[in-house]
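Residue numbers run from 1 in the order of the sequence given. All values below were derived from every heavy atom in this structure, side-chain atoms included, with hydrogens, water molecules and symmetry-related copies excluded.
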Amino acid sequence: MKNLLFGLIAIVLFSLTVNAQGTLRADFLKGKTQDQLIDSFNQLPTGEKNALWIEKMDQLLNQKLPVENLQLIQQMRDSHLNKNLDGFKKAALALAEITPDEDFTDMFNTLSNYNFNGSFVGKSVISDLTIKSINDFGLSQEVITGRLKDCNCRWSCDWYVGGSSGNCHVTSSGCGFMWAFECTGYVGPRP
């Protein structure tokens with residue numbers, strides 16, 4: 001309980017410090033290529049990774065999304081802060097079910113702003129791969145739990161393509177849903 005309290009205090013203090021200097025995400029994203037972003041993200045301590053995703057969820061909460069989407073993002077945010085992995089996954093799965101795949105990916109596969117202009121851009125239903133990735137999220141994911149991963153990732157840097165890819169190197173995080181998955185050079189679901 002003490003660790004949770006100290007962790008929350010650290011995140012709040014870190015957020016206040018960051019907000020006084022400008023947004024953490026804006027500073028983090030500034031002038032970096034996608035490869036540089038992933039390299040930088042992988043080197044951050046867990047608390048800073050969490051703070052980036054909390055700030056991203058705050059950005060999503062400021063969009064004029066449908067009420068149900070906003071409620072689920074708020075549940076994800078609250079669960080993330082409280083390290084409630086089951087609550088987080090439940091809200092993420094519910095959000096994925098009512099959000100087109102392209103939009104969900106834009107929300108949670110990048111730290112860049114997602115802009116909602118009155119309707120979703122995508123039309124396709126959420127993919128089985130996305131659902132599986134959310135279900136697999138947190139088996140020992142560093143972003144939420146602070147522990148190193150010990151499972152194989154089902155998303156990779158270019159997971160839409162499928163097959164092998166030489167555009168990334170093996171990392172412990174930086175790919176997929178909330179950049180919590182390793183990038184192995186393999187793209188798409190493994191058999």
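- Within the 4.5 Å cutoff, the side chain of K32 has no heavy atoms near those of the F41 side chain.
- Within the 3.5 Å criterion, the main-chain N or O of L24 finds a donor-acceptor partner in the side chain of E55.
- Among residues two or more places apart in sequence or in another chain, the side-chain contact (heavy atoms from CB on, under 4.5 Å) test is passed with Q59 by R25, K56, Q63, N113, Y114, N115.
- Between L52 and L44, the closest side-chain pair of non-hydrogen atoms falls below 4.5 Å.
- No side-chain heavy atom of L37 sits under 4.5 Å from any side-chain heavy atom of T33.
- Residues T105 and T110 form no side-chain contact, since every pair of their non-hydrogen atoms from C-beta on lies 4.5 Å or further apart.
- You'll find the side chain of F108 reaches within 4.5 Å of the side chain of L60, heavy atoms only.
- Counting heavy atoms from C-beta on, the side chains of V121 and F116 never come closer than 4.5 Å.
- Within the 4.5 Å cutoff, no side-chain heavy atoms of L85 are placed close to those of S79.
- When the ring pair (Phe, Tyr, Trp, His ring centres under 6.0 Å) test is applied to F28, no partner is found at least two apart in sequence or on another chain.
- Interatomic distance, CD1 of I98 versus CZ of F104, reported as 10.0 Å (0.5 Å rounding).
- Scanning for side-chain contact (heavy atoms from CB on, under 4.5 Å) contacts around Q71 gives V67, with sequence neighbours left out.
- A distance of 12.5 Å separates CE of M76 from NZ of K89, quoted to the nearest 0.5 Å.
- Taking N62 as the reference, nothing meets the side-chain contact (heavy atoms from CB on, under 4.5 Å) condition, with sequence neighbours excluded.
- One distance of note links CD1 of I73 with CG of L61; it measures 5.5 Å at 0.5 Å rounding.
- Taken from CD in Q43 to NZ in K49, the straight-line distance is 9.5 Å, to the nearest 0.5 Å.
- The minimum heavy-atom distance between I126 and A96, with the atom names listed, is CB-O, 3.4 Å.
- The side-chain hydrogen bond (donor to acceptor under 3.5 Å, both in side chains) check on N69 picks up T99, with sequence neighbours excluded.
- The salt bridge (charged side-chain N to carboxylate O under 4.0 Å, His left out) check on D78 picks up nothing, with sequence neighbours excluded.
- Residues passing the side-chain hydrogen bond (donor to acceptor under 3.5 Å, both in side chains) test with S119: none are found, sequence neighbours excluded.
- Put simply, the side chain of L93 does not reach to within 4.5 Å of the side chain of F88, judged on heavy atoms.
- A distance of 8.5 Å separates CG in D103 from NZ in K123, rounded to the nearest 0.5 Å.
- Note that CG of L72 is 11.0 Å distant from CD of E97, once rounded to the nearest 0.5 Å.
- Remark: K90 engages no residue in a side-chain contact (heavy atoms from CB on, under 4.5 Å) (not counting sequence neighbours).
- Contacts of S40 classified as side-chain hydrogen bond (donor to acceptor under 3.5 Å, both in side chains), with partners at least two apart in sequence or in another chain: none.
- Checking side-chain atoms of D101 against main-chain N and O of V125 turns up no donor-acceptor pair under 3.5 Å.
- Residues that satisfy the side-chain hydrogen bond (donor to acceptor under 3.5 Å, both in side chains) test with E68, not counting sequence neighbours, are absent from this structure.
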